[in-house]
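Sequence lines set the chain letters: A, B, ... in the order given, protein chains first and strands last, and positions in each chain run from 1.
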Amino acid sequence: MVMMQTNRMALGEKALDLEATLHCGQVFHWTPQGQGHFGALGNEAAYVEHDPSKNVLIFAGASVETVSNYLGINDPLNDVISTFPTEDAHLTAAMAYTPGLRICRQPPWECLATFITSSLKQVPHIRQMSLTLRERFGRKRSLGGLTMHDYPGPERLAEAGEERLRDCGLGFRAKSLARAASRVASGEFSLDFDGLDDDEARAKLCQLYGVGEKIANCVLLFGYARFAAFPIDVWVERVLRHLYAPRGRKRRWPAREMQAFAAKHFGPYAGYAQQYLFHYARHHDKVLFGAR
DNA sequence: TCTCAGGTTGACC
DNA sequence: GGTCAACCTGAG
């Protein structure tokens with residue numbers, strides 16, 4: 001057992017599914033460790049564990065504010081649910097499946113960079129690339145005898161250059177990451193979106209090479225807590241097409257219309273609905289979509 | 001060996 | 001203003 005000084009936070013009535021929250025594809029660097037998970041919160045190594053019997057969060061390496069902010073502990077899930085369409089049996093089922101799934105607040109650069117590398121990759125690959133980038137270019141951090149590297153900032157990755165990023169297994173994504181890192185590091189591209197509404201912020205992100213609608217929405221949702229953002233990846237597209245498509249649109253439903261439908265149907269917390277549906281679909285693909 | 005994956009881009013109609 | 005192949009890499 002790893003020795004470290006831990007703190008505790010009583011969650012009261014707040015639901016939390018830590019396992020799902022850290023491993024459902026929002027964030028990619030956490031590793032199961034003992035009863036909990038070891039990773040990093042921003043620049044510091046951290047450990048988090050949930051005791052469901054007492055509904056207590058046990059953590060080390062970060063302040064209570066940092067941990068609860070990162071895990072979205074204070075997101076008002078009951079209010080979120082109350083904004084959802086009441087007659088939506090699919091969403092109701094998805095929420096019942098993982099009621100404590102929450103949306104993380106990742107540091108914006110870490111979130112942007114990670115999702116730039118996510119293009120056409122599966123979760124284990126994204127995780128592998130993230131860990132390699134951390135190990136090669138991040139700073140080593142220790143906690144209770146465990147070590148973790150923080151996510152390299154844009155300056156560090158810009159300095160590394162495309163070829164060395166390619167060596168981390170990024171493939172064609174290296175060019176996108178290198179370019180984004182240079183633009184952010186030079187200050188030419190600001191990650192401060194204060195004063196921009198969601199559409200403006202999304203349009204700005206899409207100016208980056210290698211960032212399209214899907215990645216921009218992931219960054220808005222997981223890095224900026226813009227809860228109306230609704231990333232449509234192949235899983236969510238499958239969900240929408242199979243379970244929500246209007247008559248005659250099952251086979252052909254333009255992305256633009258699909259996106260508009262999601263915003264209207266799921267409302268201001270569409271991003272939360274997306275996470276529940278995404279997670280549910282990945283664990284019930286045979287039932288929902290049949291053998292493929 | 002071969003296909004395909006949690007996307008984006010640029011070329012072509 | 002829409003369709004379609006190409007792009008790196010690793011896993012099944």
Requested in this report: Measure from the side-chain heavy atoms of A/Gln128 and tell me the nearest of B/dA5, B/dG7, C/dG10.
Outcome: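 Out of B/dA5, B/dG7, C/dG10, the nucleotide with an atom closest to A/Gln128's side chain is C/dG10.
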Query raised in the report: For the side chain of A/Trp235, counting heavy atoms from C-beta on, which of C/dG10, B/dG6, C/dC8 is nearest?
Result: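 So the side chain of A/Trp235 is nearest to B/dG6.
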Query raised in the report: Under a 4.0 Å heavy-atom cut-off, which of residues 98-110 of chain A touch DNA chain C?
Result: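 Output list: empty, so none.
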Query raised in the report: So which pairs with a foot in residues 105-131 of chain A pass salt bridge (charged side-chain N to carboxylate O under 4.0 Å, His left out), sequence neighbours left out?
Result: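 The answer is A/Asp75-A/Arg105, A/Glu110-A/Arg134.
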Query raised in the report: Applying salt bridge (charged side-chain N to carboxylate O under 4.0 Å, His left out), which residue pairs with at least one partner in residues 51-65 of chain A are found, sequence neighbours left out?
Result: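 Sorted pair list: A/Asp51-A/Lys54.
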**Report entry** Lys/Arg-Asp/Glu bridge criterion (N-O < 4.0 Å) met for A/Glu200, A/Lys204
**Finding:**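 Between A/Lys204 and A/Glu200 there is no salt bridge, as every charged N stays at least 4.0 Å from the carboxylate O atoms.
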Report task. Please work out if A/Cys168 contacts a base, only the sugar-phosphate, or nothing of the nucleic acid, heavy-atom cut-off 4.0 Å. Result ->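 The answer is nothing, as A/Cys168 stays clear of every strand by at least 4.0 Å.
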Query raised in the report: Taking only Watson-Crick and G-U wobble pairs with both distances under 3.5 Å, what dot-bracket line describes DNA chain B, where [ ] shows pairs that cross earlier ones and | shows pairs with another strand?
Result: .||||.|||||||
Query raised in the report: Can you list the other members of the hydrophobic cluster that holds A/Leu16, where links are side-chain heavy atoms under 4.5 angstrom apart?
Result: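 A/Met9, A/Leu11, A/Leu18, A/Leu22, A/Val27, A/Trp30, A/Leu41, A/Val48, A/Leu57, A/Phe59, A/Val64, A/Val67, A/Tyr70, A/Leu71, A/Ile73, which link up through side-chain heavy atoms under 4.5 Å apart, make up the rest of the cluster.
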Query - Those residues that, when tested against A/Phe38, pass ring-ring contact (aromatic ring centres under 6.0 Å, His included) (two or more places apart) - result: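 For A/Phe38 there are no ring-ring contact (aromatic ring centres under 6.0 Å, His included) partners, ignoring immediate neighbours.
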In a table with atom names and distances, give each donor-acceptor pair under 3.5 Å that connects a side chain of residues 169-178 of chain A to protein atoms at least two apart or in another chain.
from	atom 1	to	atom 2	distance (Å)
A/Arg173	NE	A/Ser119	O	2.7
A/Arg173	NH1	A/Leu170	O	2.8
A/Arg173	NH2	A/Ser119	O	2.9

Query raised in the report: Does CD in A/Glu13 sit with more than 12 non-hydrogen atoms of other residues, nucleotides or ligands closer than 6.0 Å?
Result: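 For A/Glu13, atom CD is not crowded (no more than 12 foreign heavy atoms under 6.0 Å).
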Report summary line: A correct 5'-to-3' footprint of nucleotides 1-7 of chain C, with B, S and - meaning base, sugar-phosphate only and no protein heavy atom under 4.0 Å, is --S---B
Report task. State which residues pass side chain to side chain contact (heavy atoms under 4.5 Å, CB included) with A/Ala216; sequence neighbours excluded, sorted by chain then number. Result ->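 Expected list: A/Arg202, A/Leu205, A/Cys206, A/Val211.
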Atom [atom1], compared across [N] and [M]: separation rounded to whole Å:
N	M	atom1	answer
B/dC4	C/dA5	C1'	15 Å
B/dA11	C/dC8	P	15 Å
C/dA6	B/dT3	C1'	16 Å

Query raised in the report: What pairs with A/Arg141 under salt bridge (Lys or Arg N to Asp or Glu O under 4.0 Å), at least two apart in sequence or on another chain?
Result: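 Here the qualifying residues are A/Glu44.
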Query raised in the report: Do the side-chain N and O atoms of A/Lys14 and A/Asn74 include a donor-acceptor pair separated by under 3.5 angstrom?
Result: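 Short answer, yes.
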Requested in this report: Specify whether A/Tyr224 and A/Phe193 have parallel, tilted or perpendicular ring planes, treating 30° as the upper limit for parallel and 60° as the lower limit for perpendicular.
Outcome: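 Rings of A/Tyr224 and A/Phe193: parallel, as their planes differ by under 30°.
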Query raised in the report: Tell me the ring-ring contact (aromatic ring centres under 6.0 Å, His included) pairs involving residues 83-107 of chain A, sequence neighbours left out?
Result: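 Applying ring-ring contact (aromatic ring centres under 6.0 Å, His included) to every pair that reaches into residues 83-107 of chain A, excluding sequence neighbours, yields A/His90-A/Tyr244, A/Tyr97-A/His279, A/Tyr97-A/Tyr280, A/Tyr97-A/His283, A/Tyr97-A/His284.
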Requested in this report: Using heavy atoms and a sub-4.0 Å distance, could you list which residues of residues 204-226 of chain A are near DNA chain B? By number, please.
Outcome: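 A/Leu208, A/Tyr209, A/Gly210, A/Val211, A/Gly212, A/Glu213, A/Lys214, A/Ile215 - these, ordered by number, are the residues of the stretch whose heavy atoms sit under 4.0 Å from the strand.
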